[in-house]
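Side chains are part of it too, since the values below use all heavy atoms of this structure and drop only hydrogens, waters and symmetry mates.
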Amino acid sequence: MQKTLIASTLGERSLVLPALINAALAANDRSKYYFTLLQAAASHARNSERPAPNLRRERLACGVDDASLDGVTGASTAEPGGRLRIPAAGAIVRALTGEVGAMLAPFTDDPELEFVARFDALREHADRLAGDTLGAADVDAMTRADRDGSDSLHLLVMDLHKALNAAQARIASEVLDGASVYAIDAADRPLIAAFMRGLHRTAPLKFDHPGLGTTATRSGAKLVIQNDIGTTDAHVLIVHVEGLTATMIYSDVHLPRLLFFQNQFEHHDVDWNDTASRRDATIEAGVYHLCEGRFTAPDAQALEEYLSFLASRLVFLIDWNKARKRLRLLVSKGEAIRLLSWAARNDHGHMGFLRAGGELLIHDALDFALKGQARFGRKLDEVLGKREAGDFLRFVLKTCSDTALSGEPDAFVQDAVRAELFNSFRTLNDQLYDIVADHAGLTVEIAGGVRDSLLHLRTANATAVFARNAVRAKEWESRADEMVNRARGVNSQAVPAGFFRTVVETADNAADELEDAAFNLTLLTPDRSDAHSRLPVLAELLVHGTQEYVKAVESARHVRRGGAREDVQDFLAGIHRIQQIEREADEAQRALKRELLTGIADPRALYALLAVARNLEQAADALMHCALQVRDHVLGDVLTT
């Protein structure tokens, strides 16, 4: 159909066709305003509790002068029998059909397009509508955009607009940096060139996907730049440049993508019209959404920079909704949009990800990494954790884009994603080991504080030393509790997160006992007796025990199946030493009990010293349990997989 378009314009019409197309495109803008007005009025009539947009900015932008139309939406009401009272409804419909007729002007001599026949059939129904009352079905019949049913004025306008774009491109007098242009002024050239610079900078990211065709012309005082973005009929960007002001009119069938597009300009002073009502989707379902953004530059250079940036964002709209749906199979809805925003801000895009297989690429890597144990449909953030999944997918988006641009084979992407997933598993595993090691280090500090303070047990300043140490021990114990909470916050199936939580919780029992020992020392008064000389020995054992536990954790981090035999031997030797220390601590506590009961007469001192001894012995017992848990994990999980 479109291939015969220009053939019918030879001869005298070729002299006037550019003007006819310009006029038809202007009529297209006005017809879309009238469709929006009817839809908004019908929506408000059915849902009068919602705010009613007056669409004044849309009216002024497309050149409709009748200010009385601004009050139509708010004054529309529903009547019995499915009727809608819309002020000046008949006049609006007549104006709409007049604009569609103007859009037909470039095609009236082309019988193969059948636009005229379609219009005649649709106008016959529209001409019967008069007055201020319309049937709800009448509005739907004119404005529906669903091609599964009967024809509509809206569908005709969409088809005419598409044909006008093709005609405009074919009659262009020249190609300026890839844009088809005609009837432009000399002052328009740097603006078009700036737009195309931005477009060319990111256009390779669409790869072989069609779209981003650009046309430009002058309409009165305005330069008009149009880009078709992708293949969807209602996915179009029109930019009007007048003076230092650039007004973009963007249409989209997906409201989330429209909001995503608007957010791309968060660092530019763009004035978006009626954003609340448009984002609340007051237009009927199935109809594309419109937004208008106005930017006024301080000078010509800033205007060119803005046009270049605007054009550079368009490639990230192609197949955006498809990418969003694919990412939602891996992470939450909000995270999927954040990932797409990140990919656009960093000029990576999402088309490389889709070309590489989308979520199937990730599931393949999971299945490989988990040795066939990956369950299809499991979300990535359930496997890796939310933060780690986001980091991994950012790597995937960038890598898919970079490798596709450089021409690397698909196998390279697959291998890179698999390798990074292994790294993500190891990174998460190391992060959990870091938590365990940090907690163990704090336990060493508490144990060392108890031992050092006991050196002052029989000095005059013992009370002050015990008090200072108790404060420090409480601070260290609070930091240890934070480590426990961090371990509990990890929710991942990629690593045995439950093991790390259990180990840290058990180790926290040791930290709690040592902190209690530091407190119980504050109950003592200076004493010259030698009856509790074994207490520092017991405290020294705990220092050695906590130090050996730190070594065991660090050794376990490096043990691998098929790894160095020395690593396993060092690890098992550390576990054995902790067990030995627990036995020595148990014997030391019993000896201390006997010594205290025969050498201490002061009930308060006896209670405090026995409590400290009990704290130290129970801390040693908790450390042994930690060591055994780590041993079982290494021997049962690490070395057998």
Quick one: closest heavy-atom pair of [X] and [Y], and the distance?
{"X": "Ala136", "Y": "Leu84", "result": "CA-CD1, 3.8 Å"}
{"X": "Leu164", "Y": "Ile21", "result": "O-CG2, 4.2 Å"}
{"X": "Ser31", "Y": "Val157", "result": "OG-CG1, 3.6 Å"}
{"X": "Ala61", "Y": "Glu292", "result": "CB-OE1, 3.1 Å"}

Looking at residues at least two apart in the chain, or sitting in another chain, which of them share a side-chain contact (heavy atoms from CB on, under 4.5 Å) with [X]?
{"X": "Thr77", "value": "Arg85"}
{"X": "Ala41", "value": "Val72, Ser76, Ile86"}
{"X": "Thr245", "value": "Thr247, Arg294, Thr296"}

May I ask you to say whether [X] pairs ionically with [Y], meaning some side-chain N is under 4.0 Å from a carboxylate O?
{"X": "Arg144", "Y": "Asp151", "answer": "no"}
{"X": "Glu359", "Y": "Arg326", "answer": "yes"}
{"X": "Asp140", "Y": "Arg46", "answer": "yes"}

Holding to salt bridge (Lys or Arg N to Asp or Glu O under 4.0 Å), I want the full list of residues that pass it with [X], two or more places apart in sequence or in another chain.
{"X": "Arg59", "result": "Asp70"}
{"X": "Arg189", "result": "Glu174"}
{"X": "Arg218", "result": "Asp185, Asp188"}
{"X": "Asp319", "result": "Lys322"}

Is the shortest side-chain heavy-atom distance between [X] and [Y] below 4.5 Å?
{"X": "His350", "Y": "Leu327", "value": "no"}
{"X": "Leu160", "Y": "Phe119", "value": "no"}
{"X": "Cys62", "Y": "Lys32", "value": "no"}
{"X": "Tyr34", "Y": "Val93", "value": "no"}
{"X": "Glu58", "Y": "Leu37", "value": "no"}
{"X": "Met351", "Y": "Leu205", "value": "no"}
{"X": "Leu340", "Y": "Phe316", "value": "no"}
{"X": "Thr214", "Y": "Gln226", "value": "no"}

Query raised in the report: Distance-only, no hydrogens or angles: does the Asp228 side chain make a donor-acceptor pair with backbone N or O of Gly211 under 3.5 Å?
Result: no
Query raised in the report: Taking His44 for the side chain and Ala75 for the main chain, is one N or O donor matched with an acceptor at less than 3.5 Å?
Result: no
Report task. Could you pull out all residues at least two apart from Asp120 that satisfy side chain to side chain donor-acceptor pair (under 3.5 Å)? Result -> Arg123
Query raised in the report: Taking only residues two or more places apart in sequence or in another chain, which ones pass side chain to side chain donor-acceptor pair (under 3.5 Å) with Asp391?
Result: Arg394
Query raised in the report: Is the NZ or CZ atom of Arg355 positioned over Phe207's six-membered ring, under 6.0 angstrom from the centre and within 45° of the axis?
Result: yes
Requested in this report: Check the pair Asp138, Arg83 against side chain to side chain contact (heavy atoms under 4.5 Å, CB included), reporting the backbone distance first and the verdict last.
Outcome: CA-CA 9 Å; Asp138 295 327; Arg83 305 288 290 175; 4.0 Å; yes
Query raised in the report: Hey, what's the ring geometry for Phe295 with Tyr306, parallel, tilted or perpendicular (30° and 60° as the breaks)?
Result: parallel
Query raised in the report: Any idea how Phe395 and Phe392 line up, ring-wise: parallel (<30°), tilted (30 to 60°), or perpendicular (>60°)?
Result: parallel
Requested in this report: For side chain to side chain contact (heavy atoms under 4.5 Å, CB included), just list the numbers for Arg257 and Tyr250, CA-CA rounded to whole Å, side-chain angles, deciding distance to a tenth of an Å, and then say yes or no.
Outcome: CA-CA 11 Å; Arg257 182 166 58 185; Tyr250 174 69; 4.0 Å; yes
**Report entry** Residue pair Asn346, Leu397: steps toward the side chain to side chain contact (heavy atoms under 4.5 Å, CB included) verdict
**Finding:** CA-CA 10 Å; Asn346 291 276; Leu397 288 166; over 6 Å; no
Report task. For residues 94-104, pull every pair meeting side-chain hydrogen bond (donor to acceptor under 3.5 Å, both in side chains), keeping only residues two or more places apart or in separate chains. Result -> Arg30-Glu99
When the side chains of residues 192-200 are checked against the rest of the protein, which donor-acceptor pairs come out under 3.5 Å, sequence neighbours left out?
| from | atom 1 | to | atom 2 | distance (Å) |
| --- | --- | --- | --- | --- |
| His200 | NE2 | Asp177 | O | 2.6 |

Requested in this report: Please list all pairs passing the salt bridge (Lys or Arg N to Asp or Glu O under 4.0 Å) test where one or both residues lie in residues 336-346, with sequence neighbours left out.
Outcome: Glu335-Arg338
Report task. Let me see the working for Leu310 and His268 under side chain to side chain contact (heavy atoms under 4.5 Å, CB included), right down to the final yes or no. Result -> CA-CA 10 Å; Leu310 165 59; His268 292 74; over 6 Å; no
Query raised in the report: Should we count CD of Gln301 as having more than 12 external heavy atoms under 6.0 Å?
Result: no
